[in-house]
Each structure stands twice: as structure tokens, then as C-alpha cells.
K.L.:
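Dumping the structure here so I can ask a few things about it.
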There are 2 protein chains.
Amino acid sequence: MAAIARRTDHRYGNRPTMKDVAARAGVGLKTVSRVVNGEPGVTPETERRVHEAIEALGFRRNDSARVLRKGRTATVGLVLEDLADPFYGPLSRAVEEVARAHGALLINGSSAEDPDREQELALALCARRVDGLIVIPAGDDHRYLEPEIRAGVATVFVDRPAGRIDADAVLSDSFGGAREGVSHLIAHGHRRIGFVGDRPRIHTGAERLRGYRAAMAEAGLPVREEWVSLGSTSPERVNAAVRGLLTAPEPVTALFAGNNRVTVTAVRTLAAHPSPVALVGFDDIELADLLGITVVAQDAAALGRTAAERLFRRLDGAGGAPERVVLGTKLLARGSGEIPAPTG
Amino acid sequence: MAAIARRTDHRYGNRPTMKDVAARAGVGLKTVSRVVNGEPGVTPETERRVHEAIEALGFRRNDSARVLRKGRTATVGLVLEDLADPFYGPLSRAVEEVARAHGALLINGSSAEDPDREQELALALCARRVDGLIVIPAGDDHRYLEPEIRAGVATVFVDRPAGRIDADAVLSDSFGGAREGVSHLIAHGHRRIGFVGDRPRIHTGAERLRGYRAAMAEAGLPVREEWVSLGSTSPERVNAAVRGLLTAPEPVTALFAGNNRVTVTAVRTLAAHPSPVALVGFDDIELADLLGITVVAQDAAALGRTAAERLFRRLDGAGGAPERVVLGTKLLARGSGEIPAPTG
DNA sequence: CGAGCGATTGACAACGTTGTCCAGCCTCTA
DNA sequence: TAGAGGCTGGACAACGTTGTCAATCGCTCG
């Protein structure tokens with residue numbers, strides 16, 4: 001009796017607590033706790049009664065209280081750029097699988113490429129006392145995380161390294177991948193190659209640009225600055241940029257696209273262009289095989305998995321200095337990069 | 001002093017608490033709470049001292065304790081099928097945006113189409129006391145959620161309705177969309193049309209099949225049972241199914257694909273087929289426009305947004321019986337459905 | 001000059017769980 | 001039959017925060 005209609009103050013539902021279960025089962029509070037947590041030292045008969053009461057009341061343990069008491073939340077946070085971007089879905093999923101294997105839940109949030117929002121999100125996750133944090137940086141200064149890391153929040157950066165702090169990072173070889181992709185175009189006879197990429201303050205954007213310049217330099221080719229277009233990867237901007245490259249006084253005959261969104265837009269723009277233009281894009285895209293689009297593929301799931309595994313190793317007590325892991329990329333030649341350069 | 005090196009028992013880090021901040025600032029515990037929460041009634045001078053102490057100690061409020069005290073977590077859970085599926089990324093993102101607008105965080109988990117895992121996840125989220133739950137069902141019996149709903153967890157189902165309980169649901173018009181897509185094929189002269197879809201115990205799978213049958217019946221066309229293939233949407237199974245339809249004694253001349261994954265695989269299989277076969281798929285796919293694939297598009301983001309908005313209306317106290325909202329679909333004719341049927 | 005009032009502040013309990021520690025009971029043996 | 005030892009169960013404090021309430025202080029108003 002009296003387990004009903006307690007509390008009329010601040011709470012919505014009227015969730016039963018262990019105390020209620022104990023009362024109903026006629027046992028002590030701690031005994032219920034033992035049953036719920038599968039701890040030994042409870043008679044089968046008592047256990048049965050407790051289970052019955054749990055069933056009857058619809059009791060579910062309050063993990064907030066548990067966390068408060070135990071100090072660990074079995075939750076990790078993932079701050080990424082945009083879950084709607086097909087690059088991050090598989091990455092997030094891979095992190096989730098690793099977390100699940102370690103009995104942890106995943107909270108993820110999108111920064112929308114806004115450094116302030118990244119910080120707001122990351123700190124909100126810390127306030128919830130996530131055990132660890134995986135961050136795909138939008139900003140380039142992560143000193144705001146220093147107190148958190150000192151306080152024991154394991155932190156791993158993915159896709160781009162941390163800014164102004166020393167932390168674990170798992171990256172793709174943006175430089176090498178871009179260099180290989182551009183070299184592929186050069187090998188097929190192209191001399192005037194355009195580069196459309198992300199803002200250079202984003203690490204991957206800068207590295208891919210560097211790879212482009214390296215490949216051109218190695219081949220002894222000049223780079224005219226109007227061939228390089230950096231900035232937002234919105235369809236409007238990219239579309240305008242690509243058109244610009246194609247209508248310049250010395251138009252490019254090939255294009256390197258700095259990420260998946262650029263590639264998608266560039267393909268659309270090029271499809272409307274009269275003469276064929278070669279294209280290699282960074283990141284694979286669904287159906288690119290059917291469209292014959294050559295890409296430098298990175299393995300988003302592997303990035304996520306590697307980062308998550310490192311995170312849990314840290315949580316399991318692995319020490320040592322922060323490390324940087326770089327995963328290789330893979331050139332998938334499918335035709336679009338092999339379009340011959342116009343002669344003359 | 002003495003705020004350092006307390007606690008050596010169960011905790012990892014040594015996070016400062018409000019008590020520590022209070023001690024350092026020389027004020028009471030509650031005053032710190034007031035400052036942290038922006039409550040009125042604190043002298044600017046006191047506030048400054050508190051902020052100073054917070055800064056110096058790197059204090060961050062422990063939301064677990066806060067939640068325990070307040071009863072609300074400002075967190076909503078999203079149980080979906082697979083975050084790596086491009087259909088769910090935008091949906092999840094849309095939910096996140098609405099949650100953010102309401103000051104809430106989002107925890108999401110993938111059920112991997114496994115009903116048991118769906119249940120495990122949903123209940124884990126309830127144990128964390130999410131305020132609300134958005135579920136894309138993998139199973140067809142959700143009675144396990146009854147105690148939670150009674151206890152005040154707002155719950156909205158998306159993409160598929162709840163099984164064996166009465167709850168809010170936001171759906172796409174699978175029946176109408178499939179019927180329209182198949183009618184489109186019929187209007188272009190096809191008579192033998194195949195259907196490759198999901199398991200019929202999945203609501204959308206069953207509805208789309210029903211739409212297919214309705215369109216065929218309305219046109220007075222027979223449906224041979226070997227034209228219908230239901231089951232896993234793995235590439236292997238779909239590939240085999242499509243081949244089967246094309247090599248049957250009476251091969252189909254057109255195909256309706258029951259969801260995005262089926263469409264992608266079917267496109268690949270058909271690309272390797274000598275004669276052209278018409279195709280209409282349910283769900284839009286990135287780059288489908290360039291490949292000229294006709295689809296019945298549903299708006300994943302709108303599904304997520306609508307569901308989240310309903311959820312927060314419930315959380316804000318909206319009463320009334322559970323409702324079912326059905327969002328329309330849109331046929332995007334791009335050529336693949338208009339391939340003429342072979343004459344004779 | 002005293003009462004009263006508002007503004008500021010802090011002491012204390014409570015949220016629901018788990019870890020510690022002790023009490024009671026039962027069984028087995030001498 | 002008494003004592004030892006093992007097993008089971010419960011009382012209590014603590015986790016870090018917020019709501020309640022009362023105390024204190026500096027003013028103003030009569």
C-alpha cells in the first residue's frame with residue numbers, strides 16, 4: 001500500500017523506485033538492488049518475489065542515480081559535422097558498434113561546421129559526464145577541452161586533428177590521397193587541373209590542397225591561382241566555382257573535388273557541360289561505380305572503428321602519449337579520371 | 001584548501017563540485033548553484049568571485065545529479081534501424097535539430113533490424129530517463145513499452161506504426177506511393193511487373209506490396225506469384241531475386257523496388273542485363289537524377305521533423321488520443337520508369 | 001528612532017541508487 | 001546442546017545537485 005500517488009511536486013510520471021519494489025516484495029532496499037544487478041547472495045525464493053514485484057510495478061532502474069553513485073556513465077559522445085552527410089552515417093554507426101561491444105551507449109550531435117556549436121555540444125556532453133568523447137573538429141582551437149581531459153574524459157579526434165592541444169587522432173591520409181588522385185589525372189595527360197575544396201582552416205581541406213600542389217609540382221606543372229577554389233561546399237558555391245574554372249581564359253581540362261559534397265555537385269555541373277571534363281573526387285559516393293566516377297576512397301567506418309577502439313583502450317587504462325594514426329586511402333579508377341585531355 | 005586530492009575510491013578524475021567552488025569563493029553552496037543557473041538574487045561582486053572560482057577549478061556542473069534532482073533529463077532517444085543507411089541520416093538530423101531548438105540532446109541507437117535489440121535499446125534509453133522516445137520499429141510488438149508510456153515517457157513511432165499498442169505515429173504513404181509508382185509503369189505499357197521488397201512483417205514492406213497489388217488489380221492485370229520477391233534486402237538476395245525475375249519463363253519487363261537498398265542493388269543488376277528493363281524505386285537516392293532513375297520519393301527529414309515536433313508537443317503537455325499522421329510521397333519521373341515495354 | 005521590508009545568502013533535506021558494515025539465522029560439528 | 005561459520009538480508013551514508021525556508025543585513029518609512 002501507499003506506493004501509489006506519492007510525490008505530486010516536480011515529477012511527471014510516478015515511477016516506482018527500488019524502495020517501492022522492496023515494500024511490495026517485503027524485503028529490504030538493498031536486496032532489490034542485488035537482484036536488479038544480478039549480485040550473488042539472494043535466495044531463489046526471495047529473488048522470485050522481487051522479480052514479481054518489479055514486474056507488477058513496472059519498475060526500471062534509474063540510471064541517473066546509478067551514475068551519480070558509481071561515477072561512470074557507460075556513455076560516450078560523438079561530435080560530428082552533419083549526420084545527414086553520407087560520410088558520417090557509417091562512421092557514427094561504426095563507433096556505435098564498438099561502444100555497444102563495450103556496453104556503452106552513444107550520444108551524438110552535429111556541429112553543423114560551426115566551431116561555437118562544436119564547443120557547446122562537447123561541453124554539454126561533458127556535463128552529462130560521458131566517459132569519453134570522439135570529436136570531428138569544426139574549429140581549430142580545442143583548449144576548451146583541457147579541463148575535461150585533465151578531469152579524465154578520454155578524448156579522441158577523428159578525421160581532423162585537435163587544434164592547440166595534444167590529443168589522440170585518427171586521420172585519413174588526405175595529403176597522400178589527393179596527391180595520388182591528382183597524379184592519376186596527370187598520368188592521363190592532363191596539364192591544367194582545377195581544385196575545388198573546403199575552407200583551408202579545415203585540416204582536411206588544407207591537406208588535400210597540399211597534396212594537389214605536391215602532385216603538380218612533382219610533375220613540373222604550374223598552378224594558376226584561379227584554378228584553385230576554396231570555401232563553403234554548398235552546391236551554389238561549388239557550382240559557380242566549377243563553371244568559373246571551365247570558362248576561364250585558360251580553362252582546366254580536369255578537376256579534383258575535395259570531398260563528397262563537392263564531387264556530387266561537380267558531377268551535376270559537368271553533366272551539363274558540352275565537352276567532357278575529367279574528374280577525380282575525394283571520398284567514395286554511393287552509385288559512383290555506375291556513373292563511372294573515379295574517386296580516392298577513404299573508409300569512414302574504419303575511421304570510426306579505429307577511433308572508438310582507441311577511446312576504449314584509454315578508458316580501460318591505457319596510458320602513454322597521444323598518438324596520431326593515419327589510415328590509407330585507395331584510388332578507385334572508374335573512368336572519369338581517364339577521360340583523355342583534349343590535344344593541342 | 002583541501003579541495004585537492006579528495007576521494008581516492010571509485011572515481012577516475014577528480015572533478016570539482018559546487019562545494020569546492022563554494023569553498024574557494026568563500027560563499028555558500030546554494031549561491032554557486034544560483035550563479036551556475038543564472039538565477040537572480042546574487043550581487044555582481046559575489047557572482048564575479050564565483051565565476052573566478054569556477055574558472056580556476058575548471059568546474060562543470062554534473063548533469064547526472066541535476067537530472068536526479070529535477071526529474072527531467074532534456075534528452076530524447078531515437079531508435080532507428082541503421083544510421084549507415086542514407087535514409088536515416090537526414091531523419092536523425094532533423095530530429096536533432098528539433099531537439100536542439102527545445103534545448104534537448106539526442107541519443108540514438110541502431111536496432112540493426114533486430115526486434116530484440118530494438119527492445120534492449122529502447123529500455124536502456126528509458127533507464128536513462130529520456131523524456132521522450134522516437135522509435136522506428138524493427139519488431140511488431142511494442143507492449144514492452146507500456147509501463148514506460150504510463151510512467152510518462154512520450155513516445156512517437158516513425159516510418160512504421162507501433163505493434164499491439166496505441167501510440168502516435170508518423171508515416172509515409174507507402175501504399176499510395178507504391179500504387180502510384182506501379183501505375184506509372186503500367187501507364188508506360190508494362191504488363192509484367194516484378195516486385196522486390198522487404199519482409200512483409202515489416203509494415204512498410206507489406207503496405208508497398210499492397211500498393212503494388214492494388215495498382216495491378218486496378219489495371220486488370222494478373223500477378224504471378226513468382227514476380228513477387230520478399231525477404232532480406234541484402235545485395236546477395238536482391239541480386240538473385242532480380243536475376244530470377246528476368247530469366248523466368250515469362251520474364252518481367254519492369255521492376256518495382258521496395259526501398260532504397262533494393263533500388264541500388266537492382267540498378268547494378270540491371271546495368272549488367274542486356275536488354276533494358278524499366279525500374280521504379282521507393283525512396284530517392286543520391287545521384288539518382290544523374291542516372292535517370294525514376295523513384296517514389298519520401299521526405300525523410302520531414303518524417304523526422306514531424307515526429308519530433310509531435311513528441312515535444314506531448315512533452316509540453318498536449319493531451320488527446322494518439323494520432324497517426326501520413327505524409328505524402330512524390331513520384332519523380334526521370335526516365336527509368338518510362339522505358340517502353342518490348343512489343344509482342 | 002523603531003518597525004518593517006526587500007534583497008541577499010546559506011543550512012538542510014531530498015532525488016534513487018550502490019558500497020559498507022553488521023545482525024540474524026541456519027546448519028554443521030564436537 | 002552450544003558454538004563456529006556461512007549465508008542472507010537490511011540500515012545507513014554518500015554521490016552532487018536543487019527546492020524550501022529561515023536568517024541576516026541594510027534601508028526606508030512612519
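Values below: all heavy atoms of this structure, side chains included; hydrogens, waters and symmetry mates excluded. A note on names: the letters A, B, ... follow the listed sequences, proteins ahead of strands, and every chain is numbered from 1.
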K.L.:
Measure CG/B:Asp20 against C1'/D:dC15 and give the value in whole Å, please.
P.N.:
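Going from CG in B:Asp20 over to C1' in D:dC15 covers 13 Å.
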K.L.:
With distance as the sole test, does A:Arg72 use its side chain to make a donor-acceptor pair with the main-chain N or O of A:Val67 at under 3.5 Å?
P.N.:
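No; judged by distance alone, with no hydrogens or angles, the pair does not exist.
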K.L.:
Check each residue of residues 42-49 of chain A for a non-hydrogen atom within less than 4.0 Å of any atom in DNA chain D, then write out the ones that pass by number, or none.
P.N.:
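Residues of residues 42-49 of chain A under 4.0 Å from DNA chain D: A:Val42, A:Thr43, A:Thr46.
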K.L.:
Please report the distance, rounded to the nearest Å, between CG in B:Leu29 and P in D:dC15.
P.N.:
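Roughly 12 Å, once rounded to whole Å.
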K.L.:
Could you go through the salt bridge (charged side-chain N to carboxylate O under 4.0 Å, His left out) check for B:Arg49 and B:Glu45 one step at a time?
P.N.:
CA-CA 6 Å; B:Arg49 283 218 316 282; B:Glu45 161 59 14; 3.7 Å; yes
K.L.:
Checking side chain to side chain contact (heavy atoms under 4.5 Å, CB included) against B:Phe87, which of B:Ile136, B:Leu80, B:Asp159 comes through?
P.N.:
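Option passing the side chain to side chain contact (heavy atoms under 4.5 Å, CB included) with B:Phe87: B:Asp159.
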K.L.:
Report the nucleotide, chosen from C:dT17, C:dG10, C:dC15, that has the shortest atom-to-atom distance to any side-chain atom of A:Phe59.
P.N.:
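Of the options given, the side chain of A:Phe59 lies nearest C:dT17.
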K.L.:
Is there a donor-acceptor pair under 3.5 Å between the side chain of B:Arg117 and the backbone N or O of B:Ser110?
P.N.:
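Yes, the answer is positive, given that a donor and an acceptor are paired below the 3.5 Å cut-off.
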K.L.:
D:dC15 phosphate, OP1 or OP2: any side-chain N/O from B:Asn62 under 4.0 angstrom?
P.N.:
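For D:dC15, OP1/OP2 do not have a side-chain N/O of B:Asn62 under 4.0 Å.
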K.L.:
Have a look at the helix from C:dC1-D:dG30 to C:dA30-D:dT1 and give the angle its two end axes make, five pairs each, rounded to 10 degrees.
P.N.:
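The angle separating the two end axes equals 60°.
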K.L.:
OP1 or OP2 of D:dT17 sitting under 4.0 Å from any side-chain N/O of B:Ser33?
P.N.:
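For D:dT17, neither OP1 nor OP2 has a side-chain N or O of B:Ser33 closer than 4.0 Å.
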K.L.:
Taking it one step at a time, do B:Arg15 and A:Glu148 satisfy salt bridge (charged side-chain N to carboxylate O under 4.0 Å, His left out)?
P.N.:
CA-CA 9 Å; B:Arg15 284 195 161 275; A:Glu148 312 301 325; 2.2 Å; yes
K.L.:
Determine, for nucleotides 19-28 of chain D in 5'-to-3' order, which nucleotides have protein heavy atoms under 4.0 Å from the base (write B), from only the sugar-phosphate (write S), or from neither (write -).
P.N.:
B---------
K.L.:
For residues 27-44 of chain B, which residue pairs pass the salt bridge (Lys or Arg N to Asp or Glu O under 4.0 Å) check, not counting sequence neighbours?
P.N.:
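Residue pairs with at least one partner in residues 27-44 of chain B: there are none.
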K.L.:
Return the set of residues passing side-chain contact (heavy atoms from CB on, under 4.5 Å) with B:Arg24 (not counting sequence neighbours), or none when no residue passes.
P.N.:
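Expected list: B:Ala53, B:Ala56, B:Leu57.
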K.L.:
Will you find, in the side chains of A:Asp131 and A:Thr73, an N or O donor that is under 3.5 Å from an N or O acceptor?
P.N.:
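Yes, a side-chain donor-acceptor pair sits under 3.5 Å.
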K.L.:
Can you label the angle between the B:His142 ring and the B:Phe157 ring as parallel, tilted or perpendicular, going by 30° and 60°?
P.N.:
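Plane angle over 60°, so perpendicular.
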K.L.:
Using the test side-chain contact (heavy atoms from CB on, under 4.5 Å), find all partners of B:Pro322 that sit at least two apart in sequence or belong to another chain.
P.N.:
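Counting only residues at least two positions away or on another chain, B:Pro322 forms a side-chain contact (heavy atoms from CB on, under 4.5 Å) with B:Asp166, B:Asp168.
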K.L.:
Evaluate salt bridge (charged side-chain N to carboxylate O under 4.0 Å, His left out) for B:Glu52 paired with B:Arg48, printing each intermediate quantity in order.
P.N.:
CA-CA 6 Å; B:Glu52 216 169 82; B:Arg48 195 191 52 71; 2.7 Å; yes
K.L.:
Heavy atoms under 4.0 Å, any strand shown: does B:Asn37 hit a base, just sugar-phosphate, or nothing?
P.N.:
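Sugar-phosphate contact only - B:Asn37 comes under 4.0 Å of backbone atoms but never of a base.
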K.L.:
Using a cut-off of 4.0 Å on non-hydrogen atoms, how would the nucleic acid contact of B:Val27 be classed: base, sugar-phosphate, or nothing?
P.N.:
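It contacts sugar-phosphate atoms only.
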